[in-house]
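This report concerns only the one structure given below.
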Amino acid sequence: MYQAPRGTADVLPADQPYWQHVIRTAERLCARYGYQRIDTPTFEDAGVFIHGTGESSDIVQREMYLFEDRDGGHTYALRPEFTPNVMRAYLEHGLFNLPQPVKLWTVGPAFRHERPQAGRWRQFYQLDLEAIGEADPAIDFELIDFLWQFYTGLGLRGLTVLLNSIGDQNCRPQYVQLLRSYYADKLDLACKDDRARFEKNPLRLLDCKVSSCQPIIAGAPTIAEHLCEPCADHFARVQHYLAALDIRFVVQPRLVRGLDYYTRTVFEFVPADAGSQGTIGAGGRYDGLMEVLGGDPTPGIGFATGIERIVLNLKKAGIEPPPLPVPEVYVAYPTEEQRDQAVLLTARLRHAGIGALGATGGRSLKAQMRHAGRAAARFAYIVGSGPGESWLRDLPASSQEAVEPDDLIDRLPQRAE
RNA sequence: GUGGGUGUAGCUUAGCGGUUAAAGCGCCAGGUUGUGGCCCUGGAGAUCGAGGGUUCGAUCCCCUCCAUCCACCCCA
């Protein structure tokens with residue numbers, strides 16, 4: 001027997017209310033915040049991610065799905081994240097000619113070859129928002145505010161925003177220099193990974209989880225203390241807006257994030273009782289990314305949030321999604337004599353905009369009625385053999401009255417939309 | 001990539017070194033020949049993850065593999 005590939009999952013009908021609730025809530029908010037939908041391919045030229053996401057990131061180094069196209073010469077990558085994907089589309093289609101910022105959102109699967117565990121998948125769905133072409137910290141605030149509204153609107157409580165600024169091209173090199181010289185004489189105390197980070201990506205030293213490295217990190221200079229004036233102002237304004245609206249954030253000086261392109265504002269949303277896969281949404285500013293991908297210098301900021309992790313947290317919190325619509329009426333037939341009439345009546349109901357389910361197969365009327373009940377239909381309609389023999393039964397009310405087939409459509413509520 | 005746990009019907013589980021592997025839910029059918037939900041009865045459905053080994057005999061013991069879960073790591 002075949003089974004779904006490791007780290008992938010089927011979202012069965014039983015789970016769809018959660019998924020649709022999450023995605024529809026996002027859709028409504030995107031409209032309210034002025035984000036327009038974009039859909040991009042699930043695979044791209046590998047270079048988009050190698051250069052965009054960054055060569056030194058774990059995602060590119062060991063998690064990306066790569067494949068050669070059959071015609072040779074092209075190496076593609078299944079998208080491990082959305083940002084470079086969306087940036088490529090922005091450049092390719094000249095969206096810089098639109099009024100800036102260009103605010104886009106998308107939802108779909110992303111792929112990373114990781115060892116699966118709770119809330120971690122090889123194919124996982126992300127909701128992604130990007131605001132391109134604006135450096136104002138108001139946009140940083142806007143995105144964090146969006147996520148806060150989104151999660152709280154879904155009913156999640158006890159969230160915290162982890163916030164930091166990792167500087168820009170002006171101040172970060174100097175800070176990295178400082179960090180390097182701090183670490184230089186402590187490397188023999190640090191873990192093996194840290195020695196590699198020291199060379200390739202020193203900022204990530206601050207993110208090391210090895211317990212023996214924690215004392216070293218604790219004594220390290222923090223980037224917040226070494227931001228240049230513009231970066232410090234930018235960061236202060238973001239915090240000012242957040243505080244004014246009572247969004248619960250904590251400045252975490254050692255939050256650096258794993259993607260190479262981030263500048264200035266970075267943030268993560270974590271639930272209160274989060275396990276190891278606690279981050280449900282995260283993002284940051286990427287003012288240097290567009291140049292890396294061959295465009296003109298263009299500021300930008302975005303975030304991604306994992307649908308599976310949101311659903312996980314909704315279930316953990318006991319939050320019930322709104323139920324999906326049920327069929328209005330179930331059309332049953334007592335004997336074979338009425339079968340054809342029932343089939344055609346079911347079709348006519350549907351054409352009239354009424355959600356209808358038709359009995360099939362040679363089941364007994366009792367079995368058909370059981371079906372109607374299990375399908376949670378509002379009404380059952382029993383096609384009779386003559387005038388006065390057909391019944392419209394109100395299932396929840398357990399009452400019924402005689403209704404002729406020709407009158408049925410007028411007696412049933414039409415579905416909105 | 002590293003470490004640990006677990007693998008019995010669709011789901012949740014029970015079970016024991018030895019005749020036809022059990023229950024609840026779900027599914028199908030019936031409960032006096034045209035009607036659901038409760039209740040009752042019956043039925044279908046499991047090569048007990050796969051392969052090898054120990055044994056007179058293994059679902060139960062051992063090994064390998066696979067899958068899955070959890071943690072590390074990474075991140076959504």
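Being a predicted model, the structure only gives us computed values, none of them experimental. Lettering follows sequence order; numbering is per chain, from 1.
- Contact annotation for A:R204: backbone-only contact, meaning every heavy-atom pair under 4.0 Å involves sugar-phosphate atoms and none involves a base.
- Taking 3.5 Å as the limit, the base of B:C69 and the side chain of A:R120 contain no donor-acceptor pair of atoms between them.
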Can you list the steps and then say if A:F67 with A:F43 is a ring-ring contact (aromatic ring centres under 6.0 Å, His included)? CA-CA 10 Å; A:F67 63 96; A:F43 64 94; 5.7 Å; yes
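- The same atom, C1', is picked in B:G5 and in B:U19; the two are 35 Å apart, to the nearest Å.
- Of the two residues near RNA chain B, A:A4 and A:A282, the one whose nearest nucleotide lies more 5' is A:A4.
- A side-chain hydrogen bond (donor to acceptor under 3.5 Å, both in side chains) with A:K103 is found for exactly one of A:E142, A:Q36, A:E134, namely A:E142.
- A distance of about 13 Å separates the P atoms of B:C28 and B:C38, rounded to the whole Å.
- A:R115 contributes a side-chain N or O that forms a donor-acceptor pair with the base of B:U2 under 3.5 Å.
- A distance of about 13 Å separates the P atoms of B:A46 and B:A50, rounded to the whole Å.
- Using N1 to N3 plus N6-O4 or O6-N4 for Watson-Crick, or N1-O2 and O6-N3 for G-U wobble, each under 3.5 Å, B:G42 pairs with B:C28.
- Side-chain contact between A:D168 and A:R285 is absent, with no heavy-atom pair separated by less than 4.5 Å.
- Looking at every heavy atom in both residues, A:A375 comes nearest to A:P327 through O-CD, 3.8 Å.
- A donor and an acceptor atom, one from each side chain of A:E81 and A:T53, are located under 3.5 Å apart.
- In terms of phosphate contacts, A:Q117 brings a side-chain nitrogen or oxygen within less than 4.0 Å of OP1 or OP2 of B:A71.
- Remark: B:U12 base-pairs with B:A23; criterion is Watson-Crick or G-U wobble with both hydrogen-bond distances under 3.5 Å.
- Counting distance only, with no hydrogens placed and no angle test, the side-chain atoms of A:E114 and the base atoms of B:A76 include a donor-acceptor pair under 3.5 Å.
- OP1 and OP2 of B:C75 both lie 4.0 Å or more from every side-chain N or O belonging to A:R112.
- Atom CG in A:D10 sits about 12 Å away from atom P in B:U68, given to the nearest Å.
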Can you build the contact string for nucleotides 30-37 of chain B? Use B for base contact, S for sugar-phosphate-only contact, and - for no protein heavy atom under 4.0 Å. SB--BBBB
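- Checking each of A:F111, A:W19, A:F82 against A:Y125 for a ring pair (Phe, Tyr, Trp, His ring centres under 6.0 Å) leaves exactly one that passes, namely A:W19.
- Under the Watson-Crick or G-U wobble criterion, with both distances below 3.5 Å, B:G3 is paired with B:C70.
- The nearest pair of heavy atoms linking A:Q368 to A:Y330 is O-CE2, 3.3 Å.
- Distance CZ (A:R122) to C1' (B:G1): 11 Å, rounded to an integer number of Å.
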